[in-house]
Amino acid sequence: MGKFNRTDKTICPVASRSLFSDTMNNPCQNLTILSLVMVVTGRQKSRYQHWIDDVHWLLKPEFMQAGLMLREFHCHHNVESARVPGEFPTRSPWPLYVVRVLHEHDHMFIDRQGSANRRILELGLYQCVM
């Protein structure tokens, strides 16, 4: 963990679940397809990868607890597709986050590269919400 800590929430809009929650309260929204995309700017290109990953690692459990999925995208993202080996669907030329409602198939996106404790945490949150 490097460039981000919980005190940075004041400068990081993705750290506030209310951004998405306010949108969800609109009765015209189809929540199964609603996504909020946040492009990250204002960081040096050489530094944003770790910042994006750190923010995601710290905040994903909070979003999952609220029934939301937080996903990070950047050009160096090395998480392989859960369904298609050799594909990297979260690589993007722009650093960004996507927030959407947690779906049944999201068990496939539980942390597969981290520690057993992290996996247990995310699986527990998934189970509580679903």
Side-chain angles (χ1 to χ4, degrees):
M1 192 79 60
K3 311 286 188 249
F4 180 86
N5 61 56
R6 291 194 178 276
T7 59
D8 287 331
K9 282 185 174 183
T10 56
I11 59 164
C12 178
V14 74
S16 171
R17 291 188 311 245
S18 65
L19 265 176
F20 193 77
S21 299
D22 293 345
T23 306
M24 288 175 58
N25 291 331
N26 182 340
C28 298
Q29 297 295 340
N30 179 347
L31 296 183
T32 60
I33 61 171
L34 178 67
S35 295
L36 176 65
V37 178
M38 294 167 281
V39 178
V40 177
T41 61
R43 310 246 359 124
Q44 293 176 357
K45 191 170 185 171
S46 62
R47 300 182 71 199
Y48 73 78
Q49 170 191 347
H50 299 291
W51 191 85
I52 293 279
D53 291 341
D54 288 353
V55 170
H56 178 262
W57 191 89
L58 283 170
L59 298 180
K60 183 179 177 186
E62 292 183 36
F63 279 79
M64 289 182 75
Q65 189 171 23
L68 302 172
M69 179 55 84
L70 173 67
R71 197 70 178 136
E72 82 277 31
F73 296 77
H74 56 75
C75 66
H76 301 293
H77 205 252
N78 62 357
V79 176
E80 199 171 38
S81 169
R83 293 186 174 151
V84 183
E87 292 294 321
F88 300 89
T90 54
R91 283 191 181 159
S92 168
W94 303 281
L96 56 96
Y97 295 100
V98 175
V99 179
R100 61 169 173 72
V101 173
L102 199 64
H103 295 289
E104 286 184 30
H105 71 275
D106 284 334
H107 62 86
M108 297 183 335
F109 306 120
I110 299 298
D111 189 350
R112 297 176 304 204
Q113 296 180 331
S115 69
N117 288 340
R118 179 59 179 222
R119 187 166 177 78
I120 290 167
L121 169 68
E122 291 186 11
L123 285 168
L125 290 169
Y126 171 82
Q127 188 177 22
C128 286
V129 173
M130 299 314 285

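Residues take their numbers from the sequence shown, with the count starting at 1.
- Note that CG of Leu70 is 13.5 Å distant from CH2 of Trp57, once rounded to the nearest 0.5 Å.
- Listed here is the closest heavy atom pair of Cys75 and Pro93: CB-CA, 4.5 Å.
- For residues 120-130, the side-chain hydrogen bond (donor to acceptor under 3.5 Å, both in side chains) pairs, not counting sequence neighbours, are Lys60-Glu122, Arg118-Glu122.
- In plain terms, the two heavy atoms of Val40 and Trp51 that are nearest each other are CG1-CZ3, 3.8 Å.
- Atom-to-atom distance recorded for Asp54:CG and Leu59:CG is 10.5 Å, nearest 0.5 angstrom.
- Residues passing the ring-ring contact (aromatic ring centres under 6.0 Å, His included) test with His77 are His74, sequence neighbours excluded.
- Using a 4.5 Å heavy-atom threshold, the side chains of Val99 and Met38 count as touching.
- Both Leu123 and Met64 are assigned to one and the same hydrophobic cluster, defined by single-linkage of ILVMFWY side chains at heavy-atom distances under 4.5 Å.
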Item to complete: Please step through side-chain contact (heavy atoms from CB on, under 4.5 Å) for the pair Met130 and Leu102, ending with a clear verdict.
Response: CA-CA 8 Å; Met130 299 314 285; Leu102 199 64; 4.1 Å; yes

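- Note on Met108: it does not cluster hydrophobically with Val84, by side-chain heavy-atom contacts below 4.5 Å among ILVMFWY residues.
- Ion pairing between a basic and an acidic side chain is recognised when a charged N comes within 4.0 Å of a carboxylate O; Arg100 and Asp106 show such pairing.
- Scored by the salt bridge (Lys or Arg N to Asp or Glu O under 4.0 Å) test, Arg91 finds no partners at all (sequence neighbours excluded).
- Taking every heavy atom of both residues into account, Tyr48 and Pro95 meet most closely at CD1-CB, 3.4 Å.
- With a 4.5 Å cut-off on side-chain heavy atoms, His76 and Asp53 do not count as touching.
- Note that CD of Gln65 and CG of Leu121 are 9.0 Å apart. Values are rounded to the nearest 0.5 Å.
- Here the shortest heavy-atom pairing between Phe88 and Asn78 reads CE2-O, 3.6 Å.
- In this structure, Glu72 and Thr90 have side chains that are not in contact, with every pair of non-hydrogen atoms separated by 4.5 Å or more.
- Nearest heavy atoms, Leu96 versus Ser92: CD2-OG, 3.7 Å.
- Hydrophobic cluster membership is shared by Met69 and Leu125, with clusters built from Ile, Leu, Val, Met, Phe, Trp and Tyr side chains linked at under 4.5 angstrom.
- Residues Phe73 and Val79 are members of separate hydrophobic clusters, defined by side-chain heavy-atom contacts under 4.5 angstrom among Ile, Leu, Val, Met, Phe, Trp and Tyr.
- Formation of a donor-acceptor pair under 3.5 Å by the Tyr97 side chain with backbone atoms of Ile52 is found in this model.
- In the hydrophobic clustering of this structure, Val129 groups with Ile110; members are Ile, Leu, Val, Met, Phe, Trp, Tyr whose side-chain heavy atoms approach within less than 4.5 Å, directly or through other members.
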